[in-house]
Amino acid sequence: MTARIIDGKAIASELRARVAGEVARVKREAGLTPGLAVVLVGNDPASEVYVRSKHTQTQGAGMASFEHRLPAGVAQADLLALIASLNRDANVHGILVQLPLPKSLDAETIINAIDPAKDVDGLHPNNAGRLAGGFSALSPCTPLGCIILTKSVHASLEGMNAIVIGRSNLVGRPLVQLLLHENATVTIAHSRSRDLAQLTARSDLVYAAVGKAELVRGDWIKPGATVIDVGINRLALADGKTRLAGDVAFAEAVKVAGAITPVPGGVGPMTVACLLVNTLRAACAIHGLPKPSV
Ligand code: NAP
């Protein structure tokens with residue numbers, strides 16, 4: 001048996017097209033152009049790539065994109081002043097501070113300074129708390145993407161056994177909350193969990209968000225399970241080149257799973273597409289418009 005490959009690129013492209021349609025509608029009907037501000041501190045090469053892609057895709061969906069680049073040595077007070085001005089700016093409906101931040105800055109203080117109504121990364125404690133309480137909230141983009149990918153395979157996740165490996169605020173924890181919302185039965189595993197292989201083997205849905213290349217082996221996977229691989233790891237090859245690898249040993253797992261995401265081309269493209277969804281949702285909520293149908 002070979003698993004169905006979940007095409008994150010195609011699903012993200014379709015989602016971006018739906019967002020663009022809704023953006024055109026709110027522009028036409030309410031005169032509203034949703035706007036996303038991205039703040040990049042320093043010049044980490046991976047962050048540069050992400051920020052460029054966010055900018056292009058935001059504009060591609062018909063939204064306004066504002067980029068703010070600050071030097072790595074920026075004073076925390078200056079970054080907080082920029083966030084305060086973006087909080088007040090009526091053209092900005094989403095604010096994203098690209099992580100990781102340089103060590104000289106306190107990420108928690110910075111994130112807490114973002115207006116929760118504009119917190120399109122879903123990391124502000126108000127949004128994290130609302131999500132954990134089962135209330136409507138702006139949810140982190142990568143977990144949202146994971147749910148959409150899973151639902152491309154299963155119309156309903158109700159009663160399914162899911163395992164989320166990783167408990168970060170960015171991925172694992174919010175993903176658990178979204179799965180509970182879908183009425184899945186969720187196990188959350190982390191670096192201190194015992195018998196990870198056995199816990200995984202009883203799961204219909206496997207989410208790997210660890211940051212350890214190919215940790216999850218093929219013989220851990222229940223036959224027919226759906227596997228969503230969040231990990232992005234760069235592996236050094238013998239010839240001096242590198243290749244991207246997920247947290248799942250894809251070549252093994254693809255022979256056992258029912259459906260699986262590739263790396264790259266699985267979860268990655270969904271993250272930015274869901275950022276556009278969150279920006280559109282935030283803009284509509286701020287302006288008292290009905291929730292858009294994306
Ligand atoms: P993180 O903050 O480093 O969290 C990693 C989690 O994995 C922690 O909860 C840790 O447990 C757990 N863990 C570490 N070693 C483990 C092990 N041997 N067995 C079980 N659990 C273990 O990472 P993150 O931000 O969640 O990101 C995870 C991965 O996803 C990374 O590869 C990252 O690059 C990728 N990512 C991809 C996207 C995307 O758009 N595709 C977005 C975000 C992240 P403890 O809590 O016990 O330390």
Side-chain angles (χ1 to χ4, degrees), residues 5-13 15-16 38 44-54 57 96-101 103 107-108 111 120-123 128 131 139-150 162-179 186-201 203 206-217 220-221 227-236 242-250 253 260-278:
I5 307 298
I6 304 172
D7 187 346
K9 258 172 131 173
I11 296 169
S13 162
L15 180 58
R16 286 198 307 271
V38 175
D44 173 65
S47 295
E48 294 261 6
V49 173
Y50 293 139
V51 167
R52 212 170 309 134
S53 150
K54 285 168 188 172
Q57 294 190 32
L96 183 145
V97 178
Q98 185 66 44
L99 300 176
L101 286 168
K103 297 252 179 302
E108 195 180 326
I111 288 163
V120 283
D121 235 356
L123 293 176
L131 182 65
S139 311
C141 303
T142 302
L144 272 180
C146 291
I147 297 292
I148 295 172
L149 291 176
T150 314
I163 185 165
V164 177
I165 312 175
R167 56 175 165 180
S168 70
N169 288 342
L170 190 63
V171 188
R173 283 174 203 262
L175 180 53
V176 167
Q177 302 304 337
L178 292 172
L179 284 164
V186 192
T187 300
I188 180 158
H190 44 77
S191 67
R192 314 293 171 88
S193 297
R194 295 197 194 114
D195 302 326
L196 199 52
Q198 280 176 40
L199 293 172
T200 306
S203 305
V206 177
Y207 299 87
V210 180
K212 298 246 181 305
E214 302 183 343
L215 173 84
V216 177
R217 310 308 310 186
W220 296 15
I221 306 289
V227 178
I228 307 289
D229 189 351
V230 182
I232 304 174
N233 310 285
R234 195 160 281 284
L235 279 186
T242 61
R243 76 169 169 92
L244 281 188
D247 288 343
V248 177
F250 182 87
I260 186 167
T261 58
V263 177
V267 174
M270 293 302 291
T271 297
V272 186
C274 288
L275 176 64
L276 305 182
V277 170
N278 273 353

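All ligand and atom numbering here is 1-based and tracks the order in the structure. Numbers for residues simply follow the sequence, beginning at 1. Predicted model, so just to flag it, every value in this text is computed and none were measured.
Remark: the backbone N or O of I228 is not paired with any side-chain donor or acceptor of T261 at under 3.5 angstrom. A donor-acceptor pair under 3.5 Å links the side-chain atoms of D247 to the main chain of K212, judged by distance alone. Judged purely by atom type and a 3.5 angstrom limit, D229 has no side-chain atom pairing as donor or acceptor with the backbone of P262. Checking side-chain atoms of T150 against main-chain N and O of C146 turns up a donor-acceptor pair under 3.5 Å. Counting only distance, with no hydrogens or angles, the side chain of N233 and the backbone of G246 share a donor-acceptor pair below 3.5 Å. In this structure, the side chain of S168 engages the main chain of V171 through a donor-acceptor pair within 3.5 Å. Side chain of D44 to backbone of S47: a donor-acceptor contact under 3.5 angstrom is found. No donor-acceptor pair under 3.5 Å is formed between the side chain of R167 and the backbone N or O of G172. In this structure a side-chain-to-backbone donor-acceptor pair under 3.5 Å is missing from R173 to L170.
Looking from atom 42 (C) of ligand 1 to the surrounding protein, the closest heavy atom is T142 OG1, 3.3 Å. For atom 4 (O) of ligand 1, the closest non-hydrogen atom of the protein is S168 CB, 3.8 Å. Nearest protein heavy-atom neighbour of atom 5 (C) of ligand 1: V210 O, 3.3 Å. Among protein heavy atoms, atom 20 (C) of ligand 1 sits closest to H190 O, 3.2 Å. Closest to atom 40 (O) of ligand 1 among all protein heavy atoms lies T271 OG1, 2.8 Å. Of the protein's non-hydrogen atoms, L196 CD2, 3.7 Å is the one closest to atom 19 (N) of ligand 1. With respect to atom 44 (C) of ligand 1, the closest heavy atom belonging to the protein is V171 CG2, 4.0 Å. Residue, atom and distance of the protein heavy atom nearest to atom 29 (C) of ligand 1 are G211 N, 3.6 Å.
For ligand 1, the atoms lying closer than 4.0 Å to a non-hydrogen atom of I165 are 20 (C), 21 (N). Using a 4.0 Å cut-off to heavy atoms of V267, the atoms of ligand 1 that qualify are 41 (N). The distance from ligand 1 to the heavy atoms of K212 drops below 4.0 Å at these ligand atoms: 15 (N). Residue-ligand proximity, G166 to ligand 1, at heavy-atom distances under 4.0 Å covers atoms 6 (C), 7 (O), 9 (O).
The proximity of M270 to ligand 1, defined as any non-hydrogen pair under 4.0 Å, does not occur for either the backbone or the side chain. If you look at V230 next to ligand 1, the close heavy atoms, those under 4.0 Å, come from the backbone and the side chain alike.
For S191, a nitrogen or oxygen atom sits less than 3.5 Å from a nitrogen or oxygen atom of ligand 1, counting backbone and side chain alike. For R167, a nitrogen or oxygen atom sits less than 3.5 Å from a nitrogen or oxygen atom of ligand 1, counting backbone and side chain alike.
Of the residues I148, V164, L175, the one that meets the side chain to side chain contact (heavy atoms under 4.5 Å, CB included) test with P143 is L175.
Considering each of L199, I232, L275, the one bringing a non-hydrogen atom nearest atom 33 (C) of ligand 1 is I232.
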Problem - Verdict with supporting geometry, F250 and I260, side chain to side chain contact (heavy atoms under 4.5 Å, CB included) - result: CA-CA 8 Å; F250 182 87; I260 186 167; 3.7 Å; yes
Practice task
Could you give me the CA-CA distance, side-chain angles and deciding distance for L215 and W220, then say whether side chain to side chain contact (heavy atoms under 4.5 Å, CB included) is met?
Solution key: CA-CA 10 Å; L215 173 84; W220 296 15; 4.3 Å; yes
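Heavy-atom separations between A209 and ligand 1 include at least one value shorter than 4.0 Å. Under the 4.0 angstrom criterion for non-hydrogen atoms, G268 is in contact with ligand 1.
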